[in-house]
Asker: 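I am attaching a structure below and will ask some questions about it afterwards.
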There are 4 protein chains.
Amino acid sequence: MAGVNKVILVGHLGKDPEIRVIGNDRKVAKFTLATTETYKDNSGQRVESTEWHNVEFWGPIADVIERFLKKGSQVFVEGRIRTRSYDDKDGIKRYVTEIVGQNMTMLGGKPSGGGGANESPAEYNESTFTPTKANNSYGAKPASRDTPPPFAQADPGEDDLPF
Amino acid sequence: MAGVNKVILVGHLGKDPEIRVIGNDRKVAKFTLATTETYKDNSGQRVESTEWHNVEFWGPIADVIERFLKKGSQVFVEGRIRTRSYDDKDGIKRYVTEIVGQNMTMLGGKPSGGGGANESPAEYNESTFTPTKANNSYGAKPASRDTPPPFAQADPGEDDLPF
Amino acid sequence: MAGVNKVILVGHLGKDPEIRVIGNDRKVAKFTLATTETYKDNSGQRVESTEWHNVEFWGPIADVIERFLKKGSQVFVEGRIRTRSYDDKDGIKRYVTEIVGQNMTMLGGKPSGGGGANESPAEYNESTFTPTKANNSYGAKPASRDTPPPFAQADPGEDDLPF
Amino acid sequence: MAGVNKVILVGHLGKDPEIRVIGNDRKVAKFTLATTETYKDNSGQRVESTEWHNVEFWGPIADVIERFLKKGSQVFVEGRIRTRSYDDKDGIKRYVTEIVGQNMTMLGGKPSGGGGANESPAEYNESTFTPTKANNSYGAKPASRDTPPPFAQADPGEDDLPF
DNA sequence: TTTT
DNA sequence: TTTT
C-alpha cells in the first residue's frame, strides 16, 4: 500500500488521436505525445531530445479529446504509468508502458474543429462530467474539486503586500 | 481557462489534526505540515530549512485523517494552493494561503489510534468512499482511478529485458 | 528531514514581469500568475475560479523571463512554496506566500520581443546556463538533465507494438 | 520544444539496488520500485494493484542509494520517463521504459547499513554534492535550491490568522 | 509545531 | 520482487 504513481507531461500530439469504442459505451482516446527537452552536452552544444509517450484517456475525457485535439495540439497531461504485457505474433511475452491519463488541459491557442458555442474545452479531469449528485453524498457543499467552498479572491498585487 | 494548480508535499504534522464539522455533515480536517529541506550554503555548511504549510481536507478523507494521523505523522499530500482574504480584528484585509488537499498517502510506519480491523488506511483521495455508482455513469468498466481496466502485471525483471 | 515541497502551475501572467537587480548581479524576476479552473457547482452551473500566485525566479532564468514573458504569456512553472513574514507599515507581523520558481516552460505560441536569432527560449531550469563544467565533476558522461546518456528514440507507433 | 516530462513515485524497493560503475567513475544505481494502489472494483470489492517501475540514478545519488537503500525501503522518487530501444537476442527491436531519477527522498524509518556518523541521508537531488562553486557563477547568493535566500520563517499558527 |  |  501507500503508493503514489503520478506522471505530468507537457507536449504535442504526434498524430490525430485514435478513438475506439469498446463494448457498448466505453470510449478510449489514444495518442502519442512528444515531450522535447533541450540541454547542453559535454561540449557545450545545445542538443534536443524528444521522448514519445503512449497516452490513453477513458470515459468522458475521450469525447473531449476526440473533438478538440489533433496532430500538433499542445496539452498538459496528468496520469499514471502502467506497464502491460502481451504476447507478440511469435508468442513471446512483451511489454509496453503507457500513460493512463487522469487530467488533461489544452494549452496555447483556441480549440478548433467540432466545438460548439459557449464551450470551455480547456480543462478536463475524470470527474468533469460526473453528475453533480455523485459527489454530493457527503454534504451540501462538498469541498471537492467540483464544488470548492466560496472564498474571496486575493489580489496579490495590492498596496500592503511587499510583492 | 486552461489552468493547473498542483501541490505535492511530503512532511510531518506539527500537531494533531484539528477536526471541525460544519453544518450538518461537512467535516474538515486541518493540520500544519512541515517540509524540511537540507542544502549547503555558500560556505559549504549544511543548513536545514523548514517550510510550514496549512493543509485542509474535506469530506471522507477528513474522517481518515481524524482516525489515523497525529502529531509527527509523515504524509504525502497532493492538493492545490488557495489564497483566501479576510478582515482582521482592525478591519484590515489580510491574506492566508492554504493547501486544499485532494489526495493523501500515509508514509512510513503503522497507523495508530482508532483503527479498526481489516482496514487499509494508507492511501486516500477525494473519491475513495464515493459509492461505486457515482463513477459508473459512463460505462460498465470506467477507467477511472476507482475502476481501472484489467491488465496483466508486467514483470520488468524478465530474461529478455536488459534492465 | 525528508521533505518534499513542490508546486506545478500552468497559467497566464497577470502583468509584465517585474525585474530587480539586487546587489551586484543577482537578478530576480517576479510576476503574478493566474491559474483558472472550471467546475460545476451544486446546481450544475459551470463556474470559473481563478487563483493568483506570486512567482519569483532568481538567476539566469530571470533574464529569460525579462526577455520573453509579458502580460498574458502562458507558462508552466515548477517551484516550491515559501511563506515569508514581514512587518507592515504599522509594525504588525504579516505573511506572504510565494512560489520560488525552479523550472519554467513557455507554452502556446512563439516568444516575442527581444529574442535573438537561433534561440530556443522555450524551456528553462536553474541549471540551464550553468557552465558545463559544473556538473562534470562526476564523470565524462553524467546522466544529469544537462547530459543524458545517449539512447535510441523509440517510436511507439511501430509494427509490433499493440498501441 | 517546450516539453515537460515528470514522474513522481512513492513506493518500496523490490530488491536491493544494483550498483554498476561504468568507465572510470560513472556510477549508476538501479532498482525496481513497487507503487501499490487500492481501489474498489465495480462490485465494491477492495482491490489492490501494483505497478513495477525500473528506476535508475546516476552520479552522487547512486552512492547514497548504494549506502542507504535496500529491499523494502520506502522512497519518494522524482524523475523523468525514458524509453530505450534495443535489439533482443533474435535481433528484434524491443523497448523498455525506465525512470531516470532526479531527486530521491527516503521515507519512513531509519536508514541502515553503511551510514557514517553525522550524516543526514534523507533527501537527495542531482546537485546535492555538486561543489558549491558550481552554482555560484551567477552571484554571491544564488537563489537555487542549494542556496536559497535568507528568509524569516512564518509561523502560520499565530494570533491573527484564522487558520 | 514536525522530523532526522 | 515491495509494502500493509
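Each chain gets a letter, A, B and so on, in the order the sequences are listed, and its residues count up from 1. These figures come from a predicted structure and were not determined experimentally.
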Asker: Taking side chain to side chain contact (heavy atoms under 4.5 Å, CB included) as the test, write out the residues that go with T35(B), two or more places apart.
Answerer: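 Here the qualifying residues are L9(B), E51(B), H53(B), N5(C).
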Asker: In whole angstrom, what separates W52(B)'s CH2 from dT2(E)'s P?
Answerer: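 Taking CH2 of W52(B) and P of dT2(E), I get 6 Å after rounding.
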Asker: How would you list, by chain and number, every residue that makes a side chain to side chain contact (heavy atoms under 4.5 Å, CB included) with D87(C), sequence neighbours excluded?
Answerer: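 Applying side chain to side chain contact (heavy atoms under 4.5 Å, CB included) to D87(C) gives K93(C).
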Asker: From CD of E51(D) over to C1' of dT2(F), roughly how many Å is that when rounded to an integer?
Answerer: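 Answer to the nearest Å: 13 Å.
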Asker: How many Å lie between CD1 on I65(B) and P on dT2(E), as a whole number?
Answerer: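 So the CD1-P distance, I65(B) to dT2(E), works out to 19 Å.
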Asker: Between atom CD1 in I99(D) and atom P in dT2(F), what is the gap in whole Å?
Answerer: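 Distance check: I99(D) CD1 to dT2(F) P gives 20 Å.
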Asker: Could you check how far NZ of K71(B) sits from P of dT3(E), rounded to whole Å?
Answerer: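 In whole Å, dT3(E) P lies 7 Å from K71(B) NZ.
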Asker: Would you please say whether a donor-acceptor pair under 3.5 Å links the side chains of N54(D) and E98(D)?
Answerer: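 Their side chains do not contain a donor-acceptor pair, so the 3.5 Å distance test is not met.
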Asker: Tell me the interatomic distance from H12(D), atom NE2, to dT2(F), atom P, rounded to whole angstroms.
Answerer: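 One finds 11 Å between P of dT2(F) and NE2 of H12(D), rounded.
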Asker: Of the candidate nucleotides dT3(E), dT2(F), dT1(F), which contains the atom at the shortest distance from the side chain of T36(B)?
Answerer: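 The answer is dT3(E), which lies nearest to the side chain.
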Asker: For the pair E18(D) and K30(D), evaluate salt bridge (Lys or Arg N to Asp or Glu O under 4.0 Å) and give the outcome as yes or no after the intermediate values.
Answerer: CA-CA 5 Å; E18(D) 178 189 345; K30(D) 299 190 177 194; over 6 Å; no
Asker: Considering every strand and a 4.0 Å limit on heavy-atom distances, what is the contact class for G72(D): base, sugar-phosphate, or nothing?
Answerer: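 Contact class for G72(D): sugar-phosphate only.
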Asker: From CD of E48(B) over to P of dT2(E), roughly how many Å is that when rounded to an integer?
Answerer: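 Value for this atom pair: 12 Å.
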Asker: For F31(B) and dT1(E), what is the distance between atoms CZ and P respectively, to the nearest whole Å?
Answerer: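 The answer, rounded to whole Å, is 19 Å.
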Asker: When only distance counts, do a donor and an acceptor, one from the side chain of T35(B) and one from the base of dT2(E), lie under 3.5 Å apart?
Answerer: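 It does not, because no donor-acceptor pair links the side chain of T35(B) to the base of dT2(E) below 3.5 Å.
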Asker: Output the single nucleotide from dT2(F), dT3(E), dT1(E) whose closest atom is nearest the side chain of T32(B).
Answerer: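 Of all the options, the side chain of T32(B) is nearest to dT1(E).
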